[in-house]
Amino acid sequence: MKRTPIRRVSDKRAAQLIEYHALVEKLRSLCNNRSELSGKSPLWGRNVEPHHIDHRENKRLLNPFGIIMLLRWEHTIEQQFHQEV
(Lines give C-alpha, C1' and ligand atoms only; values in the text may rest on other atoms or scores of the structure.)
Protein backbone atom coordinates (compact mmCIF):
# COMPACT_ATOMS: atom_id res chain seq x y z
CA MET A 1 0.00 0.00 0.00
CA LYS A 2 1.46 3.30 -1.09
CA ARG A 3 1.33 6.12 1.43
CA THR A 4 0.19 9.42 0.07
CA PRO A 5 0.67 12.68 1.93
CA ILE A 6 -2.34 14.44 3.38
CA ARG A 7 -3.37 17.44 1.32
CA ARG A 8 -3.02 20.79 3.06
CA VAL A 9 -6.07 22.12 1.22
CA SER A 10 -8.82 20.04 -0.34
CA ASP A 11 -9.63 20.43 -4.03
CA LYS A 12 -13.00 21.93 -3.13
CA ARG A 13 -11.45 24.49 -0.79
CA ALA A 14 -8.75 25.35 -3.33
CA ALA A 15 -11.47 26.18 -5.87
CA GLN A 16 -13.25 28.31 -3.24
CA LEU A 17 -10.02 30.17 -2.44
CA ILE A 18 -9.57 31.21 -6.07
CA GLU A 19 -13.09 32.63 -6.04
CA TYR A 20 -12.50 34.19 -2.60
CA HIS A 21 -9.36 36.06 -3.67
CA ALA A 22 -11.22 37.50 -6.67
CA LEU A 23 -14.05 38.57 -4.33
CA VAL A 24 -11.64 40.28 -1.94
CA GLU A 25 -10.03 42.21 -4.80
CA LYS A 26 -13.47 43.34 -6.00
CA LEU A 27 -14.52 44.41 -2.48
CA ARG A 28 -11.21 46.26 -2.07
CA SER A 29 -11.79 48.19 -5.28
CA LEU A 30 -15.42 48.96 -4.37
CA CYS A 31 -14.36 50.53 -1.06
CA ASN A 32 -11.45 52.38 -2.76
CA ASN A 33 -9.01 50.59 -0.45
CA ARG A 34 -10.42 52.44 2.56
CA SER A 35 -11.67 51.01 5.82
CA GLU A 36 -15.44 50.54 5.89
CA LEU A 37 -15.38 51.21 9.62
CA SER A 38 -13.35 54.42 9.90
CA GLY A 39 -12.98 55.52 6.26
CA LYS A 40 -9.20 55.81 6.65
CA SER A 41 -6.66 54.62 4.09
CA PRO A 42 -3.94 52.14 5.08
CA LEU A 43 -0.42 53.47 5.47
CA TRP A 44 2.57 52.77 3.21
CA GLY A 45 0.56 51.54 0.24
CA ARG A 46 -0.86 48.51 2.00
CA ASN A 47 -4.33 47.08 1.43
CA VAL A 48 -7.35 46.87 3.68
CA GLU A 49 -8.07 43.37 4.98
CA PRO A 50 -11.28 41.37 4.88
CA HIS A 51 -12.87 40.55 8.24
CA HIS A 52 -15.54 37.86 8.29
CA ILE A 53 -18.23 39.04 10.66
CA ASP A 54 -19.86 35.62 11.01
CA HIS A 55 -16.71 33.45 10.65
CA ARG A 56 -15.78 31.82 7.37
CA GLU A 57 -16.94 28.22 7.45
CA ASN A 58 -18.74 26.64 4.50
CA LYS A 59 -20.53 29.12 2.22
CA ARG A 60 -19.83 32.07 4.53
CA LEU A 61 -16.36 32.35 3.00
CA LEU A 62 -17.86 33.67 -0.24
CA ASN A 63 -20.71 35.74 1.21
CA PRO A 64 -19.89 39.39 0.42
CA PHE A 65 -22.47 40.60 2.96
CA GLY A 66 -20.55 38.90 5.77
CA ILE A 67 -17.23 40.60 4.99
CA ILE A 68 -16.13 44.05 6.10
CA MET A 69 -12.90 45.63 4.87
CA LEU A 70 -10.74 46.94 7.74
CA LEU A 71 -7.30 48.34 8.43
CA ARG A 72 -4.79 45.96 10.06
CA TRP A 73 -5.14 47.45 13.55
CA GLU A 74 -8.96 47.51 13.29
CA HIS A 75 -8.89 43.88 12.21
CA THR A 76 -6.73 42.95 15.22
CA ILE A 77 -9.17 44.66 17.59
CA GLU A 78 -12.15 42.89 16.00
CA GLN A 79 -10.44 39.50 16.26
CA GLN A 80 -9.63 40.06 19.94
CA PHE A 81 -13.18 41.20 20.65
CA HIS A 82 -14.69 38.10 19.03
CA GLN A 83 -12.34 35.79 20.93
CA GLU A 84 -13.42 37.28 24.26
CA VAL A 85 -17.14 36.97 23.51
What are the two closest non-hydrogen atoms of [X] and [Y], and how far apart are they?
{"X": "E57", "Y": "H55", "value": "OE1-CB, 3.3 Å"}
{"X": "Y20", "Y": "I67", "value": "CE1-CD1, 4.3 Å"}
{"X": "P50", "Y": "M69", "value": "CA-SD, 3.7 Å"}

Please say whether more than 12 non-hydrogen atoms of neighbouring residues, nucleotides or ligands are located less than 6.0 Å from CZ in R60.
-> yes
Take atom CG of N58 as the centre, draw a 6.0 Å sphere, and report whether it contains more than 12 heavy atoms from other residues, nucleotides or ligands.
-> no
To the nearest 0.5 Å, tell me how far [X] [atom1] sits from [Y] [atom2].
{"X": "H21", "Y": "Q16", "atom1": "NE2", "atom2": "CD", "value": "11.5 Å"}
{"X": "L17", "Y": "L62", "atom1": "CG", "atom2": "CG", "value": "8.5 Å"}
{"X": "R72", "Y": "L43", "atom1": "CZ", "atom2": "CG", "value": "13.5 Å"}
{"X": "I77", "Y": "Q79", "atom1": "CD1", "atom2": "CD", "value": "11.0 Å"}
{"X": "H52", "Y": "N63", "atom1": "NE2", "atom2": "CG", "value": "8.5 Å"}
{"X": "E74", "Y": "H51", "atom1": "CD", "atom2": "NE2", "value": "11.0 Å"}

Spell out, yes or no, whether L27 and I53 are grouped together once hydrophobic residues are joined by side-chain heavy atoms under 4.5 Å, including indirect joins.
-> no
Single-linkage hydrophobic cluster, 4.5 Å side-chain cutoff, L37 and V24 together | no
Do the side chains of E49 and L70 get nearer than 4.5 Å, heavy atoms only?
-> no
Partner set under side chain to side chain contact (heavy atoms under 4.5 Å, CB included) for N33, not counting sequence neighbours = R28, P42, N47, V48
Only counting residues at least two apart or in another chain, list the ones meeting side chain to side chain contact (heavy atoms under 4.5 Å, CB included) with K40.
->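 With neighbours one apart ignored, the set is S38, L71.
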Verify, without hydrogens or angle tests, whether N32 (side chain) and R34 (backbone) share a donor-acceptor contact under 3.5 angstrom.
->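 Judged by distance alone, no pair lies under 3.5 Å.
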